Participant: 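Can you read through this structure? Questions will come right after.
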Amino acid sequence: MVVTRFAPSPTGYLHVGGLRTALFSYLWARRNNGKFLLRIEDTDLARNSQEAADAILEAFEWVGMENDGEILYQSRRFDLYKKYVAKLLDEGKAYYCYMSKEELDTLRETQMANKQKPMYDNRWRDSSETPPAGVEPVVRLKTPLEGDVVVDDGVKGKVTFSWTEIDDFIIARSDGTPTYNFVVAIDDALCGINHVIRGDDHLSNTPKQIAVYQALGFEVPRFFHVPMILNEEGKKLSKRDGAMDVMDYKRKGYLPQALLNFLIRLGWSNKDQEIFTFDEMLAMFDPNNINKSASAYNLEKLDWLNSHYIKNTPNETLANLLEGHGVAITGHDRREILLDMAKERSKTLMELASAIKAIIDEPLEYNEKDMEKSVTPETSAVLNDFIMVLSDGKERHLPSEYQEMIDAFVHDKGVKMPMLGKPLRLALFGVATGPNLADALAALGKETVIARIEKFLKQL
RNA sequence: GUCCCCAUCAUCUAGCGGCCAAGGAUGCCACCCUUUCACGGUGGUCACAGGGGUUCAAAUCCCCUUGGGGACGCCA
């Protein structure tokens, strides 16, 4: 059985890059009828917060990815980790180190100055020296002193490191709390996680974790190190690039499916396919064909995907979503007409909301440039005639009925369509561009249309 | 600095030794559709980082250079 996990540390919101690795892990587990676990890596008590953990969970809920089983909080498992530290100490596979932070800093500086890789020098590894008084020691793991480790990675292939590059790293801080590289291996092993899909910034930590697996006699899982996502300039993603928080995309009016579709195509592909339904992702995703190289994201493609999904979302669903963007639409028929015309031209729910508002809300002013270009000496007469026809007593509700009326009007009065269309749009929307007139007329209804035209006429 | 990873259009990518004078998508440009703006349709623009090998044949394999990125924490 395939068991994967996503293990964020609760120091902030859920990052889009994090969402992608979570998606990969989720898909792979589900595709294999396995399990997808969630674990909160909060061993560093000083930096974590429950709010951050909740924010991450909220993002998962929004995109609709459900984890299996209980969510594991590492901060609640300290007793367990301590037992393993004690065990390793007992077996002579780990040891106390009394070196101070200051001493360590000095050591690193010297090494850097000598063009060496900064590493702990093993001075307490087999020391018989008497420990200095008053120093709370850290616990370090004895890593192999020679030979190679190879990480057989599902995306990078076989990556070889020399053990001489891996120092005896700290597994327990002087306050007794365990560190990341230690607990990550323990929890992955204990939870039966056998496929670890994570960012490739963890690749060089992997030997350390393998050392833990080996020291504790655990089976090493299969690793998949996914390349980073870069910003639009191809540089490392940072807060300055904006919209790193998954929930920002919700706020900006993106649909979760669009975001997921966008993310899955970053670093992974299935031939030339661009659009993936969730079921297709489930059926096709395989971490073994994740790309090796980093990818820069471009929002224009996200916009394209989002507009695609908006067009294919039922109006009822859209109407509900729109309430979160300050637009309430009443009436079934009216909703259908409004949304049918507006969804074709909107890239985000925010745009959809403003497109609808632009129709529903009475214009407060008329665009000057459009007035100059579109208002002619005949305008007033044409619009008055139009009001007359609108008031002819015939019942009209459907866009098609209004279309017939417009066609007949243009024909009977012998005017060119733009002669009517441009000023009519100005009267209705305040600008000379906008949706199809028949649709707008049907959505607004006779009374509103006449009122807006009359108001417009007064200003001519 | 040391170690590790990566390298096809502006961007996401297809390609896994011959089918590639490199395909798709986004963007951009043009045209068509059209009562405007969009949508849609059609076409165009744009790439194998450089240099050496290997081979009858290389975008595909190997090496070097260059350029990116990551790790080197009592953060994760």
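None of these values were measured; they are calculated from a predicted model. Reminder, nothing fancy here: chain letters follow the sequence lines and each chain counts from 1.
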Participant: Do A:Glu165 and A:Ser162 have a side chain donor and acceptor closer than 3.5 Å?
Facilitator: no
Participant: Send over the distance from A:Glu344 CD to B:U34 C1', rounded to a whole Å.
Facilitator: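 Between C1' of B:U34 and CD of A:Glu344: 15 Å.
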Participant: Measure CD1/A:Ile186 against P/B:A76 and give the value in whole Å, please.
Facilitator: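 Rounded to the whole Å, the gap is 13 Å.
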Participant: Nearest heavy-atom pair of A:Arg396 and A:Tyr402: which atoms, and what distance?
Facilitator: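 Heavy-atom minimum between the residues: O-OH, 3.5 Å.
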Participant: Is the phosphate of B:U13, meaning OP1 or OP2, less than 4.0 Å from a side-chain N or O of A:Ser295?
Facilitator: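 True: A:Ser295 side-chain N/O within range (under 4.0 Å) of B:U13 OP1/OP2.
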Participant: Check whether the ring centres of A:Phe262 and A:Tyr254 lie less than 6.0 Å apart, and answer yes or no.
Facilitator: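 No, ring centres 6.0 Å or more apart.
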Participant: What's A:Gln403 touching, base or sugar-phosphate or nothing? Going by heavy atoms closer than 4.0 Å.
Facilitator: base
Participant: Between atom CZ in A:Phe386 and atom C1' in B:U35, what is the gap in whole Å?
Facilitator: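 Taking CZ of A:Phe386 and C1' of B:U35, I get 11 Å after rounding.
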Participant: Rounded off to whole Å, could you give me the CG-to-P distance for the A:Asn306 and B:C12 pair?
Facilitator: 20 Å
Participant: Taking everything shown except A:Lys347 itself, do over 12 heavy atoms lie less than 6.0 Å from its NZ?
Facilitator: no
Participant: Name the pairing partner of B:C28, where a pair is Watson-Crick or G-U wobble with both distances under 3.5 Å, or state none.
Facilitator: B:G44
Participant: Answer with base, sugar-phosphate or nothing: what part of the nucleic acid does A:Asn291 contact at a heavy-atom distance below 4.0 Å?
Facilitator: sugar-phosphate
Participant: If we take the C1' atom in both B:U2 and B:A47, what is their distance in whole Å?
Facilitator: 34 Å
Participant: Parallel under 30°, tilted from 30 to 60°, perpendicular over 60°: which one fits the rings of A:Trp304 and A:His308?
Facilitator: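 Judged by the thresholds at 30° and 60°, the geometry between A:Trp304 and A:His308 is tilted.
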Participant: Figure out the CZ/C1' separation between A:Phe223 and B:C5, and round it to whole Å.
Facilitator: 16 Å
Participant: Distance check, P atoms only: B:G17 and B:U60, in whole angstrom units.
Facilitator: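 Looking at atom P only, B:G17 and B:U60 are 11 Å apart.
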Participant: Base, sugar-phosphate, or nothing for A:Thr433, non-hydrogen atoms under 4.0 angstrom?
Facilitator: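 Base contact.
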Participant: Nearest whole Å is fine: how far is B:U36 C1' from A:Leu424 CG?
Facilitator: 11 Å
Participant: For B:A22, give the paired nucleotide (Watson-Crick: N1-N3 plus N6-O4 or O6-N4; G-U: N1-O2 and O6-N3; both under 3.5 Å), or none.
Facilitator: none
Participant: Measuring only the P atom in each nucleotide, how far is B:C31 from B:A14? A whole number of Å is fine.
Facilitator: 34 Å
Participant: Any side-chain N or O of A:Thr43 less than 4.0 Å from the OP1 or OP2 oxygen of B:A76?
Facilitator: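 So the side-chain polar atoms of A:Thr43 do come within 4.0 Å of the phosphate oxygens OP1 or OP2 of B:A76, strictly under.
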Participant: Would you check if the side chain of A:Asn261 reaches a backbone N or O of A:Glu274 as a donor-acceptor pair within less than 3.5 Å?
Facilitator: yes
Participant: Suppose we define a pair by two distances each less than 3.5 Å, Watson-Crick or G-U wobble; what does B:U60 pair with here?
Facilitator: none
Participant: With rounding to whole Å, what would you report as the distance between B:G69 and B:C74 at their P atoms?
Facilitator: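 Comparing P positions in B:G69 and B:C74 gives a spacing of 25 Å.
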Participant: Among B:C39, B:U35, B:A76, find the nucleotide with the atom closest to the side chain of A:Lys311.
Facilitator: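 It is B:C39.
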Participant: Kindly say if A:Lys292 contacts the phosphate of B:C6, meaning a side-chain N or O under 4.0 Å from OP1 or OP2.
Facilitator: yes
Participant: Provide the distance between the two C1' atoms, one in B:G50 and one in B:A58, to the nearest whole Å.
Facilitator: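 Per the computed distance, 16 Å lies between those C1' atoms.
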Participant: Could you label the plane-to-plane angle of the A:Phe409 and A:Phe386 rings as parallel, tilted or perpendicular, counting under 30° as parallel and over 60° as perpendicular?
Facilitator: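 Rings of A:Phe409 and A:Phe386: perpendicular, over 60°.
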Participant: Contact class for A:Pro8 vs. all strands (heavy atom < 4.0 Å): base, sugar-phosphate, or nothing?
Facilitator: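 No contact.
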Participant: Taking everything shown except A:Lys83 itself, do over 12 heavy atoms lie less than 6.0 Å from its NZ?
Facilitator: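 No - once you tally the heavy atoms of other residues, nucleotides and ligands closer than 6.0 Å, there are 12 at most.
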Participant: Using both distances under 3.5 Å as the test, list the Watson-Crick or G-U wobble partner of B:U36, or none.
Facilitator: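 Matched B:U36 with nothing under the 3.5 Å cut-off.
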Participant: Between the main-chain N or O of A:His225 and the side-chain N or O of A:Asp153, is there a donor-acceptor pair closer than 3.5 Å?
Facilitator: yes
Participant: Determine whether the aromatic ring centres of A:Tyr120 and A:Phe169 lie less than 6.0 Å apart.
Facilitator: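 When the ring centroids of A:Tyr120 and A:Phe169 are compared, they turn out to be at least 6.0 Å apart.
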Participant: Tell me what A:Gln116 touches on the nucleic acid: a base, only sugar-phosphate, or nothing, going by heavy atoms under 4.0 Å.
Facilitator: base
Participant: Decide whether A:Thr179 and A:Asn181 meet the rule of one side-chain donor and one side-chain acceptor closer than 3.5 Å.
Facilitator: no
Participant: If you check the A:Ser269 side chain, which of B:U36, B:U13, B:C4 turns out closest?
Facilitator: B:U13
Participant: Taking the P atom in each of B:G24 and B:G44, what is the distance between them to the nearest angstrom?
Facilitator: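 After rounding to an integer number of Å, I get 9 Å for this pair.
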Participant: Under 4.0 Å, heavy atoms only, any strand: does A:Leu437 hit a base, just the sugar-phosphate, or nothing?
Facilitator: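 It contacts base atoms.
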Participant: Both distances below 3.5 Å, Watson-Crick or wobble geometry, any strand: find the nucleotide opposite B:U66.
Facilitator: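 By the stated definition (distances under 3.5 Å), B:A7 pairs with B:U66.
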Participant: Distance check, P atoms only: B:A49 and B:C6, in whole angstrom units.
Facilitator: 15 Å
Participant: What I want to find out is whether A:Arg77 reaches A:Asp187 closely enough, with some N-O distance under 4.0 Å, to be called a salt bridge.
Facilitator: yes
Participant: Watson-Crick or G-U wobble partner for B:U2, using a 3.5 Å limit on both distances?
Facilitator: B:A71
Participant: Nearest nucleotide by nearest heavy atom, which residue falls closer to the 5' end of RNA chain B, A:Gly267 or A:Ala7?
Facilitator: A:Gly267
Participant: Given B:A76, B:C6, B:C3, identify the nucleotide with an atom nearest to the side chain of A:Lys156.
Facilitator: B:C6
Participant: Protein within reach of the bases, or only the backbone? For nucleotides 59-74 of chain B, mark each nucleotide 5' to 3' as B, S or -, using heavy atoms under 4.0 Å.
Facilitator: ----------SSSBBB
Participant: When all nucleic acid strands are considered with a 4.0 Å heavy-atom cut-off, which category describes A:Ser162: base, sugar-phosphate, or nothing?
Facilitator: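 It contacts nothing in the nucleic acid.
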Participant: Work out how far the C1' atom of B:A57 is from that of B:C46, and round it to whole angstrom.
Facilitator: 28 Å
Participant: Go through the side-chain N and O atoms of A:Ser75 and A:Asp42 and say whether any donor and acceptor fall under 3.5 Å apart.
Facilitator: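 A pair is found: one side chain offers a donor N or O, the other an acceptor, under 3.5 Å apart.
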Participant: Quickly work out the A:Leu45 CG to B:A76 P distance and round it to whole Å.
Facilitator: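 My rounded result for the distance is 10 Å.
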Participant: Take nucleotides 19-30 of chain B nucleotide by nucleotide from the 5' end and write B, S or -, depending on whether a protein heavy atom sits under 4.0 Å from the base, only from the sugar-phosphate, or from neither.
Facilitator: ----BBBSS---
Participant: Mind calculating the distance between CD1 (A:Ile264) and C1' (B:C12) to the nearest angstrom?
Facilitator: 13 Å
